[in-house]
> 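Before anything else, here's the structure in question.
To find a chain, count down the sequence lines: A is the first, B the second, and so on, and within it residues start at 1.
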Amino acid sequence: MSNPPDIVTGDTEAPALALPAPSPPGAPVDEARRRVHELWLSGTEAPGDLGRFTSEGAQEMLAEEAPPILAAQMGSLVGDDYAAEAGAGSEETQIINMGPQHPATHGVLRLQIELEGEIIRRAKPIIGYLHTGMEKTAEALTYVQGATNVTRMDYMSPFFNELCYSLAVERLLGIEVPPRAQAIRVLMTELNRVASHLLWIATQGLDVGALSMMLYGWRERELLLGFFEKVTGLRMNHDYIRPGGVAADLPDGWEDDVADILAKVPPGLDDYAALLDANPIFKERTVGVGVITAEECRAFGVTGPILRATGVAWDTRRAFPYSGIEKYRFDIPIGSAGDVYDRYRVRMEEMRQSLRLAEQAAAAMPRGDYRSDDLKVTPPPRARLDQSMEALIHHFKLFTEGFKVPPGEVYQAVESPRGELGMYLVSRGGAKPWRLHVRGPSFAAVQALPVMLADTLVADTVATVASADPVLGDVDR
Amino acid sequence: MSESPFDPGTPMGAVLAGLAERFPAVEFSAPLGDPVARVAPDGLVALAAAARDAGCNTFIDLCAVDYLARPEGRFEVVVHLLSMEARFRLRLRVAVPGDDPRVPSLTGVFPGANFYEREAYDLFGIRFDGHPDLTRLLLPDDWEGHPLRKDHPVGSVPVQFRAVEGAP
Amino acid sequence: MARPASPSGLLTTTLQKAVNWARTRSMWPATFGLACCAIEMMATGAAHHDLARFGMEVFRASPRQADLMIVAGRVSQKMAPVLRQVYDQMPDPKWVISMGACASTGGMFNNYALVQGVDQVVPVDVYVPGCPPGPQSLMHGIITLHEKIRSGEITR
């Protein structure tokens, strides 16, 4: 039952999307899926004719909720005199709590799961345990400082947060960054994708029981983090991609480092493929597990490898290219079954494609400025600060007051390793954003977890949650 | 990028032209090239459902913005939809008054709106009528206040520095 | 272990040193990775920067089996009671390392959502600065904790 991902070719032209036609409204729905979605509903306020999909109701056992309501919703275990309660279900269900402190929830995710024996009937993700108020903090920071804040949201792929923010600000400013800055951005973000997927495969292996995957998975990641440290100064949370370009030029000898990475990472990936691709235990635990369909993905806004594993060849880099990425050749791997195994194969292939992109970016790195020469956003070269008073004042104003962005609103999206990362930026003409809303891809993935978990065995929960690759910094912000 | 996103010859323009014809009360515009539709709260669900049936069937985002004093209403609920076939994003903007802010819920049209509406309720206090479980999402259940409103302070704590004995 | 000067205190001093030495030799951390620092904590436990040489490669999921809680990441208001509950579940002797700027002082997020320093919730032994602290910094913090234990009292 292996599903090798079909590679959609067509590198320079966007491939024609062969998408199934969405069913017209009111069309009869597959009964099995409908039952799954009605299980996702509870709550007494929901009207009956909400359409195909409904969302789940109050499951949290708040102290002030009346026991009869709880008993009716949760089943017979709640009330003491359950035999006397009318309407208590004949099946005994049990609610267990997974998290927020849990070794396998990829951060502080809490899952409330209603079990009937070993089968999950309902699941409710409860989030907010990492809420950091970053959107409020973003309103208090200037645009120059903004990248330090957003980079810590999706902390496994910090370059993507910075890139999305910088692109949004640049669109509002109406400036273009020079080609070298664009190529550096592509190089760093694609290497970040590899690093993020390596961490994902390490934790997926750990969660499924392949402990050697956890130990080996960090091997190549250390190479990449070492390169990031050389270029940006930090292993993570770099604050390197800023509005106007990048913070500093690539250091001397970077070509050798990239060549080293391109030489050492693919054999590591081959090792992991040899370890897991045809491994019967891994396949038993992942094939057919955590299935989601393409329509459900769209209804919940799930993008990225999860969507591509269902067979939809949608990639924001292809559809809405940014940073000159349309000039590079790369393939979009897709799966077909929408299960954990296909997501694994899609991410493995994405790593190889990202290395291909990094190789092209490194080979074709143009000469020139690494940041825009628009004086409004770019500070003067540091050497000039000793010579010119105007340069000093300019530098001072940029780093204290910041630059003003014309009023407007923009939504900018990039393809992060977890899916579509978007930022909705509203400016009212000041030096700080009026509103920065970050659309995290993991938020949608966590919301769709109950759909992936419904009617599956509780033992598959860990593998499914791992395959959704949630980063709680993205979810809670 | 084409001159106007509303050119009916393109797939995007065809969808938008169809929507504009069905909903004459909705104001369509395209600042920075992205199509935006400003709609009143009671027309939101119908417009979203029509957009979904016309091809914008991927739910991307729902958020809220606090504009403070504004004639059309203090808050704005912003919905982003994506059409993969026609390759465009549609932004729906709903102006909501500041006192008793209520908007009909989109969970009937897109189940993915569930968490997003809860987050907007949590951080802004906007109620979504018809939402099956409108409770706080990110903050603790007993939290008071809606932090992302502009009249709510950042909540920063003054940093205390203690003098170090004998420091140079 | 040093030889004591007076014969009357011989056994106590040696036992204290012995117990302190033993406590530092296989300190098991409880998994309390919250945010970005958790990634660096995992990197410290992985093969390149190996925590196993300190006897710490087993991150215990159950706090009942752990000695050390490395609070790695930002603690939000919703998470603070959970943090306290996990700390309370750990048996004595237990230690806490506050890893990173957010855990130590609230970091760059001085706002409504975060507890400004995890020492408002649990007593902290060692603060490791950094955003995130690299594996070397975390190991320096762990070794500092070892020094602190070895030079301290038995009853804690």
Side-chain angles (χ1 to χ4, degrees), chain A residues 14 17 19 22 24-25 37 40-43 45-47 49-51 53-60 62 127-128 131 133 135-137 139-140 171-172 295 297-303 312 314 319-320 408-411 413 420 422 424 426 428 434-435 437 439 443-444 446-448 476-477, chain B residues 31-34 36 49 52-53 55 57-68 76 78 80-82 84-85 87-89 91 93 105 107-119 122-123 130-142 147-148 150 152-156:
Chain A
L17 284 175
L19 296 162
H37 295 298
W40 174 217
L41 160 77
S42 85
E45 288 175 26
D49 54 349
L50 273 187
F53 302 107
T54 50
S55 23
E56 59 98 37
Q59 248 180 324
E60 206 123 29
L62 300 172
I127 61 177
H131 179 60
E135 295 184 352
K136 187 82 177 178
T137 303
E139 295 169 13
R171 269 183 77 184
L172 276 181
E295 277 197 350
C297 282
R298 288 207 243 185
F300 282 94
V302 175
T303 51
V312 176
W314 176 260
F320 302 100
E409 52 167 21
V410 70
Y411 177 84
E420 173 172 325
Y424 176 63
V426 176
R428 274 181 130 183
W434 183 257
R435 170 85 167 106
H437 170 74
R439 189 261 177 203
F443 194 72
V446 164
Q447 200 186 184
D476 291 339
R477 283 161 275 123
Chain B
L32 289 178
D34 301 326
V36 179
R52 179 194 66 189
D53 299 332
N57 51 22
T58 305
F59 182 81
I60 291 292
D61 189 31
L62 186 151
C63 69
V65 188
D66 181 356
Y67 282 103
L68 279 179
E76 183 122 307
V78 183
H80 284 94
L81 304 175
L82 169 69
M84 289 188 187
E85 290 83 352
R87 223 167 277 259
F88 75 99
R89 290 178 215 280
R91 187 178 310 153
R93 294 181 62 164
S105 167
T107 46
V109 181
F110 292 102
N114 190 325
F115 270 25
Y116 291 95
E117 290 178 351
R118 281 177 70 184
E119 184 191 338
D122 190 4
L123 298 174
H131 191 281
D133 178 27
L134 198 64
T135 52
R136 284 194 182 269
L137 185 72
L138 298 176
L139 291 166
D141 290 315
D142 51 0
L148 248 63
K150 287 290 180 179
H152 189 288
V154 175
S156 55

> Is B/L82 close to chain A through its backbone or its side chain, or both, or neither, when contacts mean heavy atoms under 4.5 Å?
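Side chain of B/L82 only, per the 4.5 Å heavy-atom cut-off to chain A.
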> Quick check on A/Y411 against chain B: is it the side chain, the backbone, both or neither that has a heavy atom closer than 4.5 Å?
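Both the backbone and the side chain of A/Y411 come within 4.5 Å of chain B.
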> For the residue pair B/R89 / B/H80, report whether a side-chain donor-acceptor contact shorter than 3.5 Å exists.
no
> Measure distances from B/I60 to the heavy atoms of chain A and classify the residue's part below 4.5 Å as side chain, backbone, both or neither.
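Both parts, heavy atoms under 4.5 Å.
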> Given that the side chain runs from C-beta out, which part of B/Y67 has a heavy atom under 4.5 Å from chain A: side chain, backbone, both or neither?
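It is both, since atoms from each part get that close.
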> Can you see which heavy atom on B/G130 is nearest to which on B/S105, and at what distance?
C-CB, 3.8 Å
> Where on B/A49 is there a heavy atom nearer than 4.5 Å to chain A: the side chain, the backbone, both, or neither?
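Interface part for B/A49: neither.
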> For A/R435 versus B/A64, what's the shortest heavy-atom pair and its separation?
NE-O, 2.6 Å
> So, the side chain of B/R118 versus the backbone of B/R136: is there a donor-acceptor pair under 3.5 Å, distance only?
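Present.
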> Establish, yes or no, whether a centroid distance under 6.0 Å links the rings of A/F300 and B/F110.
no
> Against chain B, label A/E409 side chain, backbone, both or neither, depending on which of its atoms sit under 4.5 Å from a heavy atom there.
both
> Could you have a look at B/L134, B/V78, B/D61 and say which one has the most heavy-atom pairs with chain A under 4.5 angstrom?
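Between B/L134, B/V78, B/D61, the count favours B/D61.
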> Working to the nearest 0.5 Å, report the span between CG of B/D133 and CD of B/E117.
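If we round to the nearest 0.5 Å, B/D133:CG and B/E117:CD are 11.5 Å apart.
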> Among A/R439, A/H131, A/E139, which residue forms the greatest number of heavy-atom pairs with chain B at distances under 4.5 Å?
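Ranked by heavy-atom pairs under 4.5 Å with chain B, first place is A/R439.
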> Evaluate the ring planes of A/W314 and A/F320, with Trp represented by its six-membered ring, and classify them as parallel (under 30°), tilted (30 to 60°) or perpendicular (over 60°).
perpendicular
> Where does A/V410 contact chain B at under 4.5 Å (heavy atoms): side chain, backbone, both or neither?
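A/V410 touches chain B through backbone and side-chain heavy atoms alike.
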> By a 4.5 Å heavy-atom criterion (distance strictly below it), what part of B/D66 contacts chain A: side chain, backbone, both, or neither?
backbone
